[in-house]
Amino acid sequence: MMRSLFSSLLLVSLLFMNSFSEVQGRKWKGEGTTKNLESIVIGRCYDYIRIVNPAVGEKNCSEIWEAFKNAFINKDPCTILPKDYELFINLSWHTIPSNKSLFWENNHQLVNSFASRGRRYMSLADTLSGFLGDFLNWCGEANSTGLDYESCPTMEECENNAVDSFWRMASITYAQHSSGVIHVLLNGSAVGGAYPVPGFFADYEIPNLQRDKISQIIIWVVDDIEGPDIDSCGIHTVKILENRLKTLGYDVTCTDNDKSVMFLLCLDYPDHSKCTLSSSAPAAQRGPLSSDRGGSWNKLMFVSFAGFLFRSALVY
Amino acid sequence: MPFQQGSARTRQRTVLLVGIVVLLAALVLAVVLASLLTHGKQEVSPKMLKWKDRGTTKNLQEVILGRCYNYVMARYPELGDKDCLKIWESLKHAFIYKNPCNITSEDYEPLMELASHPISCNKSLFWSKTSDLVHRYTKSNQNFLTLEDTLLGYMADRVSWCGDPSAPGINYESCPKRSECESNPSSVFWKTASKMFAEAACGVVQVMLNGSIEAGAFRNSSIFGSIEILNLNPDKVSAVHIWLMHDIGGPHSESCSGHSIQRLKTILEERNFKITCEDNYRPVQLLQCVHNPDHRDCRLCTST
């Protein structure tokens, strides 16, 4: 009886140790390096110089990949510093057209859509270096020339990880080369405030703006369509930001819910009251359609027109 | 004295050595120059055919491979089984060393098979003369997919390629325009891919047309009119929803009741599709307003 109890205890502890060692196999808490990272980065590099923005001229994409890789390969993944990417940045640098810089916090996807891949604005992700790293993940390991595809350290595990140091270096350089009128897009619904401290904009971009090259800083604070209005121009963290920039000697203006940006946010909420256009009829029903819809088109037009008249009457 | 005799011999030897070095240097220089000249010649082979459109995109292989991996890994990881190298090879073999005026759909069959992936119902978004707007829309709203948002279209978008019978088999200088020959690699590719995209559509499909162009919103000669609508499968597709967009501040050349739209409706109804049409589909109009926020057509009800 004692022996069977002992065997079952042994079995249980063995199982426990086995599962524990499985957890131990994954070194870090973050997801591993993006698969096929080299092909993606080199492909993006040529995509950028040949198609996205050929104005930057010829770049040696293999050299750029090597410089990028050497910043973090064969090192403890918690010891990567921004300056390790210096060669990479020097090789991939190009001028940023004046008045096109767009800084941001807490609205990554929105900025990507709004910048229109460099046509309206050139956010960091629209420059070559940002374009190469956007949405990718990577890290190496000590005493190995390979990439770690299993796991990578998160910010919480160590600050000096390959990805965060990359973005610090890229942000510093982006700020240093920005000129003319610069825009900052902040999320007025973000928990903790629109202007986060610590944050990339606060710690790496503002300190590296070149005052003599910048004519004006325009801040846009935009709330999520269905989000709370936590922050706005002139209050809380935005006030802190405005004061900081003014103290540094910049000409600062701030706008709440800029219309252009609002329209972009409205894409997902076309029927929301914040998104209703005064010129259009109520939106026709979207999604699967019933078979007599085509025939009742005229009826819908009449109802919409009547509704429009009624609404106009109310307004005036 | 022995030292002085030795120095004369040394001087002779030095002259000889210097002479040999100079000769070697001249030889190396000649070889380098020769290789540079012939290399340059090879890139612009006099035997290669000359065309009117831009040539194959430089570093095509790297771009295509990178886009393939990017699409699979970063955008749609559920397609993880796609072999991007094989896909590149099948694209290359479709046109390399071939006369670029003799390309057929069959040339692209292996590529189409390798790169195709299922598309969810109600997501297919066709378009004609609205390229910029429709792609800005699908970038912001991933509920809809144009051909250029599928793996095949994503890899090929804004890239060009064509072959040539002489080495190296790819023409980086020029490629034929449609006016020079119809069966060129690009036209055949997009026709074949469009057909496949239409065949794969199911449920409700959408099409974004341009109501501000004089020639009419719907043209039978467009890829949409000549290939896509003809390859929609009535057993899979239940309805076609037309979004007729006008430029903000642009002319209203045609609306849902216009001639070409009626023609389109007739063609589709004959194949038993239900059709609806909406002038200035609201979400897309909101997108247009991003660039025209102060136009009177973009006034928001809530603005003061």
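Everything numeric in this text was worked out from a predicted model, so none of it was measured.
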| request: Look at atom CD of B:E269 and say whether more than 12 heavy atoms of other residues, nucleotides or ligands are closer to it than 6.0 Å. | output: yes
| said: Check this for me: B:H295, atom NE2, are more than 12 non-hydrogen atoms of other residues, nucleotides or ligands nearer than 6.0 Å? | reply: yes
| Derivation of the side chain to side chain contact (heavy atoms under 4.5 Å, CB included) call for A:D271 and B:R282 | CA-CA 9 Å; A:D271 299 322; B:R282 176 83 66 75; 4.2 Å; yes
| request: Using modelled atom types only, decide if a donor and an acceptor are shared between the side chain of B:K139 and the backbone of A:N112 within a distance under 3.5 Å. | output: yes
| Measuring from A:M262:CE to B:C289:SG, what's the distance to the nearest 0.5 Å? | 12.0 Å
| request: Against chain B, work out which of A:R119, A:Q109, A:E38 has the most heavy-atom pairs shorter than 4.5 Å and name it. | output: A:R119
| task | Drop me the distance from A:S39's OG to B:L85's CG, to the nearest 0.5 angstrom. | result | 7.0 Å
| message | Please evaluate residues A:F263 and B:N292 with respect to the criterion side chain to side chain contact (heavy atoms under 4.5 Å, CB included), reporting the C-alpha separation (whole Å), side-chain torsions for both, the decisive distance (0.1 Å), and the verdict. | response | CA-CA 10 Å; A:F263 280 123; B:N292 297 279; over 6 Å; no
| query | At what distance, to the nearest 0.5 angstrom, does CE of B:M73 lie from CG of A:L37? | reply | 11.0 Å
| note | Separation between CZ (B:R136) and CG (A:L267), nearest 0.5 Å, reads 9.0 Å
| field | B:R67, part contacting chain A, at a heavy-atom distance under 4.5 Å | value | side chain
| Under 4.0 Å between a Lys/Arg side-chain N and an Asp/Glu carboxylate O for A:D47 and B:R158? | no
| said: Please classify the contact of B:S140 with chain A as side chain, backbone, both or neither, using a heavy-atom distance under 4.5 Å. | reply: both
| query | Within a reach of under 6.0 Å around NZ of B:K129, are more than 12 heavy atoms found that belong to other residues, nucleotides or ligands? | reply | no
| Nearest 0.5 Å, what's the CG-CG distance between A:L277 and B:L300? | 5.5 Å
| Toward chain B, the part of A:F114 with a non-hydrogen atom under 4.5 Å | side chain
| Got a sec: does the NZ of B:K236 have more than 12 other heavy atoms crowding it under 6.0 Å? | yes
| Would you say the side chain of B:L286 lies within less than 4.5 Å of the side chain of A:P270, judging by non-hydrogen atoms? | yes
| query | How long is the gap from CD1 on A:I42 to CG on B:L65, to the nearest 0.5 Å? | reply | 10.0 Å
| Is there a donor-acceptor pair closer than 3.5 Å between any side-chain N or O of A:S278 and the backbone N or O of B:R299? | yes
| request: Check the pair A:I51 / B:T57 against side chain to side chain contact (heavy atoms under 4.5 Å, CB included), numbers first and verdict last. | output: CA-CA 9 Å; A:I51 298 153; B:T57 305; 4.2 Å; yes
| Taking C-beta and beyond as the side chain, do B:H291 and A:S116 meet within less than 4.5 Å on heavy atoms? | yes
| said: Determine whether a donor-acceptor pair (N or O, by modelled atom type, separation under 3.5 Å) exists between the side chain of A:S260 and the backbone of B:V290. | reply: yes
